[in-house]
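Numbers for residues simply follow the sequence, beginning at 1. Treat the numbers as computed from the prediction; the structure is a model and nothing was measured.
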Amino acid sequence: MKVTGFALPGEVSARESVERTVAKGLAEVDACLALGIKLLQRTSSFVVTRKRTKKVGLVVMGLYMKALKTVRAIRIVASPDLVEDGFVLCRSLLETTVAILYVLQKDSPRRADEYIAHTLMRTKWAMEGWTRTHGLKVAGRRIDRRAEKEKKPFERRLGTARLEQLKRSYSGVSLEETFKRVGLNRLYQTLYRRLSVHPHAADLESHAEPSEQGGLQLKAGTSDLREMNFLLDNTRLLFCAVLQRVSQEMDMGYQTEIEALKPRAGMPTRMLFRAWKKRIQARRNAIP
């Protein structure tokens, strides 16, 4: 297999090994992507109702598109065995999944409006930092003035106090509390915390460890089959949740096909606890 551009040492052989050893898991993710694209092609059938306003369609289908792209990205990095980078993307997929579930949970028109307002308030929050930073003050004030005009309609509909809360998040509360509100507190305490070590650069043992010869052993990828299966299974679990909820809300069908693609009940959870145990043991071994 020809690899163009920069490749890490052993990446070609790693890709070939991954494609063989986790072929079933990769094929299952591919099947999810294929169904996801089929569902996406049904968006022209979206019908605006009192419950499903244009803003609900904009937010939900926008987040759906983001989830689809993230799964594609996970599939790309999984093949050359860059599993740690896949975990970073998987956390993003988890956050997108929760956002979709939150908007569709209840009072969707208002929550969609708040989601859009949140994106605007995050711009204003960023510009507050710019206006205090040398070299960015002029641009920061200019962008903030434009955002201030754009927030007026939201201010009338949602109120000033709510807009201030939406600076923090699209729900106005912490991410942990948002997970609780959609009934996924256990998932936050397990999967979200497990995946968070990678973007927070707290996964040193995944990249380097002392060697038996007293030197340093660098890791270009992982050879742990369980880690790769953990990534692929949870990617499929989350994307199936997205597919199912969006399909239900938008009357797009495919429920039988989605059910067939879901991981076996409890499988990702069991793998999660094994992964935690392995991670703790690896950290202990990595201490000189």
* How far apart are the C-alpha atoms of Val83 and Phe230, what are their side-chain angles, what is the distance that settles it, and do they pass the side chain to side chain contact (heavy atoms under 4.5 Å, CB included) test? -> CA-CA 10 Å; Val83 68; Phe230 178 70; over 6 Å; no
* **Trace of the side chain to side chain contact (heavy atoms under 4.5 Å, CB included) decision for Leu238 with Cys90** => CA-CA 9 Å; Leu238 295 172; Cys90 194; 4.1 Å; yes
* Residues Arg111, Glu114; criterion salt bridge (charged side-chain N to carboxylate O under 4.0 Å, His left out); working and verdict -> CA-CA 5 Å; Arg111 287 188 171 186; Glu114 290 184 339; 5.7 Å; no
* With side chain to side chain donor-acceptor pair (under 3.5 Å) as the test, would you mind laying out the steps for Gln255 and Ser247 before giving the verdict? => CA-CA 7 Å; Gln255 294 303 314; Ser247 181; 3.1 Å; yes
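Side-chain contact, Tyr192 with Arg91: a donor N or O sits under 3.5 Å from an acceptor N or O. Gln165 and Arg162 form a side-chain donor-acceptor contact under 3.5 Å, judged by distance and modelled atom types alone.
Between the side chain of Tyr64 and the backbone N or O of Gly36 there is at least one donor-acceptor pair closer than 3.5 Å. At distances below 3.5 Å, not a single donor-acceptor pair connects side-chain atoms of Arg236 with backbone N or O atoms of Glu28. Side chain of Thr133 to main chain of Leu136: no donor-acceptor pair is present (N/O by atom type, distance under 3.5 Å, no hydrogens or angles). Counting only distance, with no hydrogens or angles, the side chain of Ser108 and the backbone of Val103 share a donor-acceptor pair below 3.5 Å.
Qualifying side-chain contact (heavy atoms from CB on, under 4.5 Å) partners for Lys149, counting only residues two or more places apart in sequence or in other chains: none.
Ion pairing between a basic and an acidic side chain is recognised when a charged N comes within 4.0 Å of a carboxylate O; Arg145 and Glu148 show no such pairing. At a threshold of 4.0 Å, the pair Asp113-Arg110 does not count as salt-bridged, since none of the basic side-chain nitrogens sits closer than that to a carboxylate oxygen.
A perpendicular orientation is assigned to the rings of His118 and Tyr170, their planes being inclined by more than 60° (bins at 30° and 60°).
Shown here for Phe154 and Ala117, the closest heavy-atom pair between the two residues is CD2-CB, 3.6 Å. For the pair Arg132 and Lys137, the tightest heavy-atom approach, listed with the atom from each and the gap, is C-CE, 4.2 Å.
In this structure, Arg194 forms a cation-pi arrangement with Phe87, its terminal cationic atom sitting closer than 6.0 Å to the ring centre and no more than 45° off the ring axis.
With values rounded to the nearest 0.5 angstrom, Thr123 atom OG1 is found 11.5 Å from Glu128 atom CD.
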